[in-house]
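In this chain, residues are counted from 1 in sequence order.
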Amino acid sequence: MKIAVYPGSFDPITLGHLDIIQRAAACFDKVYVCVMANCAKNPMFDAEKRMELVRASVRELKNVEVEAHSGLLASYARAKGATILVKGVRNGTDFDLEYQQALINKGICRELETVLLPASAPYQHFSSTMVREMIRYGQPLEQYVPAPVAEELKERK
């Protein structure tokens, strides 16, 4: 059984994240979406809300589970029996960062491979950071986030 982990802060989950999850779910027997804490970011949503929104967005994907983790990603992957980390990349800057991280994770856990999935064309130009900025200015988000996230944001107004 091929088990993969797709980590991220998902603050909030975007259609780009969802596209990567769907593509990973088609490639692997089991995909754990790991909602991570990011010390460098001040999250808009707490971990519980982020997990709730991710779960609502992936509910049709039967081989996908959503969990939170605040420790070392390689340790989480090892505990889940995963040998693959899935990362989405939008551009060369993302590639450079993820390549470095892949080497670090490989050094921590030799059996852990990183698969970099290029963002699909409609999702290359935006990130969760950009979505949070649009939220602050009350912009429409339907073309950037899954329906459960758009609904949550409408209710928050």
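Annotation: the span from Gln139 atom CD to Leu153 atom CG amounts to 13.0 Å, rounded to 0.5 Å. Leu73 CG to Leu85 CG: the interatomic distance, rounded to the nearest 0.5 Å, is 5.0 Å. From Ile84, atom CD1 reaches atom CD1 of Ile3 across 10.5 Å, with rounding to the nearest 0.5 Å. Separating the CD atom in Gln22 from the SG atom in Cys27 is a distance of 12.0 Å, to the nearest 0.5 Å.
Taking Ser75 as the reference, nothing meets the side chain to side chain donor-acceptor pair (under 3.5 Å) condition, with sequence neighbours excluded. With sequence neighbours left out, the ring pair (Phe, Tyr, Trp, His ring centres under 6.0 Å) criterion links Phe10 to Tyr6, His17. Partners of Arg132 according to the salt bridge (charged side-chain N to carboxylate O under 4.0 Å, His left out) rule, which considers only residues two or more places apart in sequence or in another chain, are Asp11.
Note on Ile135 and Ile13: same hydrophobic cluster, where clusters join Ile, Leu, Val, Met, Phe, Trp and Tyr whose side-chain heavy atoms are under 4.5 Å apart, directly or indirectly. Clustering ILVMFWY residues whenever any of their side-chain heavy atoms sit less than 4.5 angstrom apart, transitively, puts Val64 in a cluster other than the one holding Met1. One hydrophobic cluster, built from ILVMFWY side chains closer than 4.5 Å, holds both Leu53 and Met130. Cluster annotation: Ile21 is not connected to Val89 through the hydrophobic network of ILVMFWY side chains, with a link wherever side-chain heavy atoms come within less than 4.5 Å. Cluster annotation: Ile20 and Leu18 are assigned to the same hydrophobic cluster (Ile/Leu/Val/Met/Phe/Trp/Tyr, side-chain heavy-atom contacts under 4.5 Å, transitive).
Smallest separation of non-hydrogen atoms from Arg55 and Val66: NH2-O, 2.8 Å. Considering every non-hydrogen atom in both Gln101 and Lys87, the closest pair reads CG-NZ, 4.2 Å. Of all non-hydrogen atoms in Arg90 and Ser127, the two that sit nearest each other are NH1-CB, 2.9 Å. The heavy-atom pair separating Val86 from Leu117 by the smallest distance is CG1-CD1, 3.8 Å. Here the closest non-hydrogen pair linking Phe28 and Asn63 is O-ND2, 3.0 Å. The shortest heavy-atom contact between Phe45 and Pro12 is CE1-CB, 3.8 Å.
Residue Ile108 is found in a hydrophobic cluster whose other members, listed by chain and number, are Leu72, Ile104; membership requires side-chain heavy atoms under 4.5 Å apart, directly or through intermediates.
Checking side-chain atoms of Glu48 against main-chain N and O of Asp46 turns up no donor-acceptor pair under 3.5 Å. Side-chain atoms of Ser120 never come within 3.5 Å of backbone atoms of Pro122 as a donor-acceptor pair (strictly under, hydrogens ignored). Side chain of Asp29 to main chain of Lys2: a donor-acceptor pair is present (N/O by atom type, distance under 3.5 Å, no hydrogens or angles).
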| Check against side-chain contact (heavy atoms from CB on, under 4.5 Å), Asn91 and Gln124 | CA-CA 8 Å; Asn91 52 43; Gln124 288 178 337; over 6 Å; no
| Stepwise side-chain contact (heavy atoms from CB on, under 4.5 Å) check, Arg78 with Glu111 | CA-CA 9 Å; Arg78 186 181 288 131; Glu111 65 273 10; 3.8 Å; yes
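A heavy-atom distance below 4.5 Å is not found between the side chains of Ser9 and Met44.
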Pairs of donor and acceptor atoms involving the side chains of residues 140-148, under 3.5 Å and at least two apart or interchain, shall be tabulated with distances.
from, atom 1, to, atom 2, distance (Å)
Glu142, OE2, Lys154, NZ, 3.2

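Ion pair Lys80/Glu65 not flagged as a salt bridge, since none of the NZ, NE, NH1 or NH2 atoms sits closer than 4.0 Å to an Asp/Glu carboxylate oxygen.
For residues 55-91, the ring pair (Phe, Tyr, Trp, His ring centres under 6.0 Å) pairs, not counting sequence neighbours, are His69-Tyr76.
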